[in-house]
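All residue numbers in this chain count up from 1 along the given sequence.
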Amino acid sequence: MKMRTTVVVIGGGANGLFTTLDLALRGINVTLVEKGDIGSGTSGKFHGLLHSGARYAVTDPEAAKECIQENKIISRIAPHAVKDTGGLFLGITESDLEFYERFVSSLDKIGIEHRTLLPEEVIGMEPYVNRNVKIGIWVPDKVVLGYDLLASVAITASLNGARIMTYNEVIDFVRDNKSVKGVRVVDKISNQIIDIEADVIVNAAGPWAFKIIKMAGLKEIPILPTAGIMVVFGNKFNNMVLNRLRPPSDGDIIVPYFDSSILGTTATIIEDPDNFQISEEDVNMLINEGAYMIPKLKEMKPVRAYASVRPLMKTAESGREATRDFTIIDHEKEGLEGLISIIGGKFTTSRLVGEKVSDMISDKLGIKSESKTSKIKLISPSDLEIERYFDELKLPKVLLKNVFERRGTLDEERYLTSLYILLSLIVRGR
């Protein structure tokens with residue numbers, strides 16, 4: 001089977017979805033292909049934090065500037081997927097206090113709102129924190145519901161003309177001498193092979209980007225796959241996002257996510273994102289570090305641990321020292337026309353990534369258009385007549401009934417995520 005589109009985006013994570021949405025809103029014919037469901041890679045396994053930029057204010061100021069800008073934009077365009085919890089940086093040890101002046105000065109330079117709290121104020125807001133806390137700095141960190149946001153981007157893109165093909169894995173490129181002219185995919189549900197011809201292909205495969213590059217016949221890409229482990233506790237011990245008042249390190253951030261507290265994270269460089277194991281040693285290390293902020297963590301058994309592999313830019317030999325910024329590579333400079341790769345970035349800055357990639361593609365295609373993703377309101381389930389789509393796609397209405405029956409009950413919020421999963425089925429069906 002053959003198809004034709006103007007742009008193919010490889011990867012249904014945050015970068016790929018926002019790129020697809022941005023292109024669709026400019027009126028460009030775009031098709032996204034993803035080997036699993038949307039957000040089934042790194043974007044579905046992050047920490048749940050919508051960064052204020054404070055975490056990187058001292059060590060990575062450019063990334064911090066992007067984070068605070070995008071924090072405000074995502075909160076505006078997707079309020080249904082954002083929880084405005086606020087965040088606290090906790091000074092507990094003497095070395096933490098020595099970091100205070102550099103930290104606050106950096107926040108001021110970047111323009112990140114903050115205020116300093118006394119120990120009694122901190123404990124009043126967060127009863128489980130270490131009673132030895134000496135200072136707290138409030139910043140506008142928030143929590144973002146990952147799958148909810150991704151599903152909203154996907155359905156908004158789909159309703160604006162994008163084609164989103166989940167469970168379609170790229171197995172080869174369609175070539176013409178020194179150009180790539182499309183991709184060959186296998187539909188993992190129907191087992192059908194499809195050639196999708198395109199003028200431009202965007203490699204938004206995250207930590208798997210190097211595999212796409214290798215498939216295209218190129219040898220190197222400046223990517224540093226870095227594993228981050230998160231530990232989930234069945235109780236929520238904090239109301240706000242908690243950070244240690246120090247440069248980013250292991251076990252120094254705790255995010256309140258629904259009824260859980262999620263402790264993270266590590267930054268271990270790995271070779272293969274498909275071959276990584278979480279060790280008990282890493283989990284214990286994270287708990288020991290996190291207990292400096294919330295001592296009770298040592299008394300509790302975590303319910304599970306999970307890991308994501310970040311596709312960091314290779315700007316340093318250490319995962320901690322590598323920037324959290326992003327770069328966009330036009331492989332035409334390496335002698336291969338038609339292929340663009342996205343390296344790096346964060347879930348928080350994925351809308352900005354999509355805007356910059358779409359700017360580049362618009363220039364290539366000679367299309368004069370501006371990004372609209374900072375202004376549009378993303379569609380949520382409450383904005384749709386979902387029953388109508390179920391009729392059109394012949395989906396069993398028992399799925400919808402099971403979700404809607406949870407409204408008004410104790411578990412309403414938990415089942416809302418199921419509604420977003422139904423959205424992704426609608427997207428694929430379209």
Side-chain angles (χ1 to χ4, degrees), residues 1-44 146-147 149-175 180-209 211-212 215-216 338-342 350 353-354 357-358 361 373 378-379 384 389-390 392-395 399 420-430:
M1 181 179 174
K2 289 189 177 181
M3 293 168 50
R4 171 71 193 169
T5 188
T6 304
V7 180
V8 167
V9 177
I10 303 172
N15 285 344
L17 284 166
F18 266 114
T19 298
T20 300
L21 174 62
D22 201 300
L23 291 168
L25 292 175
R26 297 180 196 225
I28 296 173
N29 192 334
V30 56
T31 298
L32 179 145
V33 293
E34 160 59 46
K35 65 181 180 179
D37 189 13
I38 58 173
S40 56
T42 298
S43 294
Y147 196 92
L149 180 65
L150 297 178
S152 292
V153 176
I155 195 71
T156 306
S158 178
L159 293 177
N160 280 277
R163 181 189 291 117
I164 296 180
M165 299 170 60
T166 52
Y167 299 99
N168 276 265
E169 183 171 2
V170 175
I171 56 174
D172 205 352
F173 282 94
V174 178
R175 305 165 188 272
V180 288
K181 296 294 186 181
V183 293
R184 176 166 292 167
V185 302
V186 56
D187 187 316
K188 295 165 75 173
I189 294 177
S190 68
N191 290 321
Q192 188 175 30
I193 302 295
I194 308 168
D195 283 353
I196 308 174
E197 296 178 359
D199 298 317
V200 182
I201 298 166
V202 179
N203 174 14
W208 295 272
K211 293 188 176 183
I212 300 297
M215 191 183 296
L339 181 63
I340 294 169
S341 289
I342 302 168
S350 53
V353 172
V357 174
S358 299
I361 292 172
T373 54
L378 297 181
I379 294 169
L384 292 175
Y389 290 99
F390 269 64
E392 290 178 6
L393 302 174
K394 297 181 173 56
L395 293 173
L399 295 176
Y420 285 93
I421 294 173
L422 298 183
L423 282 192
S424 71
L425 293 175
I426 291 172
V427 166
R428 177 178 165 84
R430 292 176 61 83

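Residues Val202 and Asn15 fail the side-chain proximity criterion, which asks for heavy atoms closer than 4.5 Å. Two residues are said to be in side-chain contact when any heavy atoms from C-beta on lie closer than 4.5 Å; Leu384 and Tyr389 meet this criterion. Using a 4.5 Å cut-off on side-chain heavy atoms (C-beta onward), Met1 and Gln192 make contact. Here the side chains of Val200 and Leu339 are not in contact, with every heavy-atom distance at 4.5 Å or above. Counting heavy atoms from C-beta on, the side chains of Val7 and Ile201 never come closer than 4.5 Å. Taking 4.5 Å as the limit, some side-chain heavy atom of Glu169 sits within range of a side-chain heavy atom of Lys188. Side-chain contact check for Leu422 versus Phe390: some heavy-atom pair is nearer than 4.5 Å. With contacts defined as side-chain heavy-atom distances shorter than 4.5 Å, the pair Val33/Tyr167 does not qualify.
Note: Ile426 CD1 to Ile421 CD1 = 12.5 Å, rounded to the nearest 0.5 Å. Interatomic distance, Leu423 CG to Leu150 CG, rounded to the nearest 0.5 Å: 11.5 Å. With rounding to the nearest 0.5 angstrom, the OG1 atom of Thr6 is 9.5 Å from the CG atom of Leu23. From Ile196, atom CD1 reaches atom CG of Asn168 across 6.5 Å, with rounding to the nearest 0.5 Å. Rounding to the nearest 0.5 Å places CG of Asn160 at 12.0 Å from OG1 of Thr20. If you take CG on Leu149 and CD1 on Ile38, they are separated by 9.5 Å, rounding to the nearest 0.5 Å.
Closest approach of Ala162 and Ala24 over heavy atoms only: CB-CB, 4.1 Å. Minimum heavy-atom separation, Leu32 to Gly11: CD1-O, 3.4 Å. Scanning all heavy atoms of the two residues, the minimum distance from Arg163 to Arg4 falls at NH1-O, 4.4 Å. Taking both residues in full, the closest heavy atoms of Thr19 and Gly354 are given as OG1-CA, 3.4 Å, listed atom of the first, atom of the second, then distance.
Under a 3.5 Å cut-off, the side chain of Ser152 and the backbone N or O of Ile379 do form a donor-acceptor pair. Panel note: side chain Ser43, backbone Ala14; a donor-acceptor pair is recorded below 3.5 Å. For Lys181 (side chain) and Ala198 (main-chain N/O), no donor-acceptor pair under 3.5 Å exists by modelled atom type. Checked by atom type and distance alone, the side chain of Ser158 never pairs as donor or acceptor with a backbone atom of Ala154 at under 3.5 Å.
A side-chain donor-acceptor contact under 3.5 Å links Asn203 and Ser341. Checking Glu34 against Ser40 by side-chain atom types alone, a donor-acceptor pair falls below 3.5 Å.
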>> For a side-chain contact (heavy atoms from CB on, under 4.5 Å) check, start with the C-alpha distance between Met165 and Met3, then their side-chain angles and the critical distance, and finish with the verdict.
In response: CA-CA 12 Å; Met165 299 170 60; Met3 293 168 50; 3.8 Å; yes

> Going through the checks in order, is the side-chain contact (heavy atoms from CB on, under 4.5 Å) test met by Phe18 and Ser358?
Replying inline: CA-CA 10 Å; Phe18 266 114; Ser358 299; over 6 Å; no

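The side-chain hydrogen bond (donor to acceptor under 3.5 Å, both in side chains) test applied to Arg184 returns Asp195, not counting sequence neighbours. Here Asp172 pairs with nothing under the side-chain hydrogen bond (donor to acceptor under 3.5 Å, both in side chains) rule; sequence neighbours left out. For Thr166, the side-chain hydrogen bond (donor to acceptor under 3.5 Å, both in side chains) test picks out no residue, with sequence neighbours left out.
With Leu21 as the fixed residue, the side-chain contact (heavy atoms from CB on, under 4.5 Å) test singles out one of Val9, Ile155, Thr373: Thr373.
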